[in-house]
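First up is the structure itself, then whatever we jot down about it.
Throughout, protein chains are lettered first and strands after them, A, B, ... in sequence-line order, and every chain is numbered starting at 1.
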Number of protein chains: 2
Amino acid sequence: MMNSTINKQTLSEIVVSKIKKHIIDNDLKAGDRLPTEQEMADSFGVSRLSVREATTTLSYLGIIDSAPRRGLTVGKFDLDRLKEFLGFHFALNDYPREKLLYTRVVIEVGILGYSSKAIIADKGVYYKLDEICNEIDKYDSLDSYIHWDIEFHSMLVKVAGIEPLVMFNDLLQTFFRKFRLEISSIGKYRDKGHNVHREILESLRCGNVDQAENLLREHLGCYKEKIQNS
Amino acid sequence: MMNSTINKQTLSEIVVSKIKKHIIDNDLKAGDRLPTEQEMADSFGVSRLSVREATTTLSYLGIIDSAPRRGLTVGKFDLDRLKEFLGFHFALNDYPREKLLYTRVVIEVGILGYSSKAIIADKGVYYKLDEICNEIDKYDSLDSYIHWDIEFHSMLVKVAGIEPLVMFNDLLQTFFRKFRLEISSIGKYRDKGHNVHREILESLRCGNVDQAENLLREHLGCYKEKIQNS
DNA sequence: TTTGACGTTATTGTCAGATGATATGATGAA
DNA sequence: TTCATCATATCATCTGACAATAACGTCAAA
């Protein structure tokens, strides 16, 4: 009955475009209201279902929010949403483990300067990391070691306060958890009776970023050989 | 009748997850068949409509392809699609630019060591970057400067060969493209009659990674002040 | 045997209409 | 005023149906 143009797209895709256009044309910002689904259905000349498929898609992408009775509003950008897609991307294209390790090194070493500043500026930040080090020292079981090890590394990135990197690093950790379990020999670092994590933390507290970087680089380097034979 | 867990998500979101899970669990690759919408509706215990909202969404992202009579197949998950939406998000309400800049600094500075190795190991890599520097030297117009500037920075990451970072950096560039246009004053670095990019490249060729890091950090730092007043 | 036309059919694409769930806003009482 | 209560608009989901289309099998002709 409609659809003058011979469009290869599905109706919902067309509606998605129209909604995006509507947002841009009216210069809508996060939180602004959109017409109701029924109104759009009427004005676009399609059924509400087609509109619904479009709003569902946009909602999934975080471009709009929807709630009963409140209606549709323009959404705000959400890193978690992006994280989900990237996670899926990671799950499909398996990147070589070596590359994933290098990625971790770049990020974790790269943020140490920011982490150090945060630790020095706020005692609470230091205590949080210190507490994690204490947990690592306990060394109840491999499981708990791995848990707190991840916690430490994640926290290091988190306190740096650069959210996109936190998000990306979280994704990486997901994949490292899997094979951290395969690589069980952590004795090397625990046997010495000291805790690399604490050394790193202390270096950061003293503003000795270079030393922390070297320690962390070496610490992560221990995975490298293990990756080779797997 | 269903929905045992008190999930805050919508049904279609749950179905999206289930389909993604199905793809991962069965290790499906692009082109592989998925169950029909009706089959999924039955097996998930929801109506076909809910499945449809999910497949529409996934189809829009290119995660699945669908065609009448052929059914649903796994598509090639194209990050370009994702970039489009990131760009759209950024057009609406931009993410804190400071954080984006820091992210860039961490990644671009962090990979320089790997880039240097690649440059030294393979003359071809050097020539590629050198050629880009030549283009920057020409300085025809702001547009071309921006284009080759982006090219240079992307290439630096690319030659380092850490694919996950290349991918992530690619996404970041989506955010930066728009705002590089707003910041037009590049004279500061060009007027001196030298090209920072070339300096960085030469440092890397000589294996002087520290110097390259400092140069790049300073180079990117010039954005910082511009971010403040915008 | 190969090839090409043709009808069948499975599967997505779209519609209409209805009910449930829920947050907002209005109403009224303390 | 402030709080509780209720009505209602709007999304969330379902049922059931029909249209459109492309793959598949069939059969006839070369």
Side-chain angles (χ1 to χ4, degrees), chain A residues 1-19 22-23 28 30-76 78 81, chain B residues 1-20 22-23 28 30-75:
Chain A
M1 75 271 17
M2 36 75 267
N3 214 355
S4 49
T5 62
I6 309 113
N7 245 327
K8 199 56 180 290
Q9 306 171 33
T10 64
L11 258 187
S12 58
E13 279 174 357
I14 295 170
V15 175
V16 165
S17 303
K18 291 195 177 186
I19 295 176
H22 179 268
I23 291 174
L28 300 183
D32 291 348
R33 298 277 308 257
L34 288 162
T36 68
E37 292 181 346
Q38 190 59 56
E39 283 167 3
M40 290 200 271
D42 294 343
S43 81
F44 296 156
V46 300
S47 80
R48 197 187 140 211
L49 177 62
S50 299
V51 174
R52 179 126 252 280
E53 285 179 349
T55 56
T56 308
T57 299
L58 289 171
S59 171
Y60 198 80
L61 291 166
I63 288 179
I64 67 178
D65 290 331
S66 71
R69 168 69 212 192
R70 209 181 56 223
L72 303 170
T73 53
V74 177
K76 67 179 206 317
D78 182 6
R81 206 86 56 153
Chain B
M1 76 265 20
M2 36 75 264
N3 216 355
S4 50
T5 62
I6 309 116
N7 245 326
K8 199 56 179 288
Q9 307 170 35
T10 64
L11 257 187
S12 58
E13 279 174 356
I14 295 171
V15 174
V16 165
S17 302
K18 290 195 178 185
I19 295 176
K20 290 204 296 188
H22 179 268
I23 292 174
L28 300 183
D32 291 348
R33 298 282 303 263
L34 289 163
T36 68
E37 292 180 346
Q38 191 59 57
E39 283 167 1
M40 289 200 272
D42 294 342
S43 81
F44 295 157
V46 300
S47 79
R48 194 189 139 212
L49 184 58
S50 298
V51 173
R52 180 126 250 280
E53 285 179 350
T55 57
T56 308
T57 298
L58 290 172
S59 169
Y60 203 83
L61 287 167
I63 291 178
I64 67 177
D65 291 330
S66 71
R69 170 66 212 192
R70 210 180 56 225
L72 304 170
T73 53
V74 177

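- For A:Ala30, the side chain to side chain contact (heavy atoms under 4.5 Å, CB included) partners are A:Lys76, B:Asn93, not counting sequence neighbours.
- A:Arg52 places its CZ atom 7 Å from the P atom of D:dT13, with the value rounded to the nearest Å.
- The distance between atom CG of A:Leu34 and atom C1' of D:dA9, rounded to the nearest whole Å, is 16 Å.
- Nearest nucleotide to the A:Thr36 side chain, out of D:dT10, C:dT11, C:dT14: D:dT10.
- Summarising the geometry, the separation between CD on B:Glu37 and P on C:dT11 is reported as 11 Å, rounded to the nearest angstrom.
- Between A:Arg48 atom CZ and D:dC11 atom C1' there is a gap of 6 Å when expressed in whole angstrom units.
- A straight line from CZ of B:Arg33 to C1' of D:dC24 spans 12 Å, rounded to a whole angstrom.
- Scanning for salt bridge (Lys or Arg N to Asp or Glu O under 4.0 Å) contacts around A:Lys18 gives an empty result, with sequence neighbours left out.
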Inset, instruction - Would you please test A:Ile23 and A:Ile63 for side-chain contact (heavy atoms from CB on, under 4.5 Å) and show each step? - result: CA-CA 10 Å; A:Ile23 291 174; A:Ile63 288 179; 4.2 Å; yes
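- Between the CD atom of A:Glu39 and the P atom of D:dA9 there is a distance of 12 Å, given to the nearest Å.
- Atom-to-atom, CG of A:Leu49 to C1' of D:dG16 comes out at 13 Å; the value is rounded to the nearest Å.
- The CD1-C1' distance, from B:Ile14 to D:dA12, rounds to 12 Å in whole Å.
- Annotation: proximity of residues 59-74 of chain B to DNA chain C (heavy atom, distance under 4.0 Å) is found for B:Ser66, B:Ala67, B:Pro68, B:Arg69, B:Gly71, B:Leu72, numbered in ascending order.
- Sorted by first and then second residue, the side-chain hydrogen bond (donor to acceptor under 3.5 Å, both in side chains) pairs with a member in residues 37-49 of chain A read A:Glu37-A:Arg48, A:Glu37-A:Arg52, A:Glu37-A:Thr55, A:Gln38-A:Asp42; sequence neighbours excluded.
- Considering only side-chain N and O atoms, A:Ser50 lies under 4.0 angstrom from the phosphate OP1 or OP2 of C:dC15.
- A search for side-chain hydrogen bond (donor to acceptor under 3.5 Å, both in side chains) contacts involving B:Ser50 returns nothing, not counting sequence neighbours.
- For residues 56-72 of chain A, no residue pair satisfies the salt bridge (charged side-chain N to carboxylate O under 4.0 Å, His left out) rule, not counting sequence neighbours.
- The residue among B:Ser47 and A:Pro35 whose nearest nucleotide of DNA chain D is located toward the 5' end is A:Pro35.
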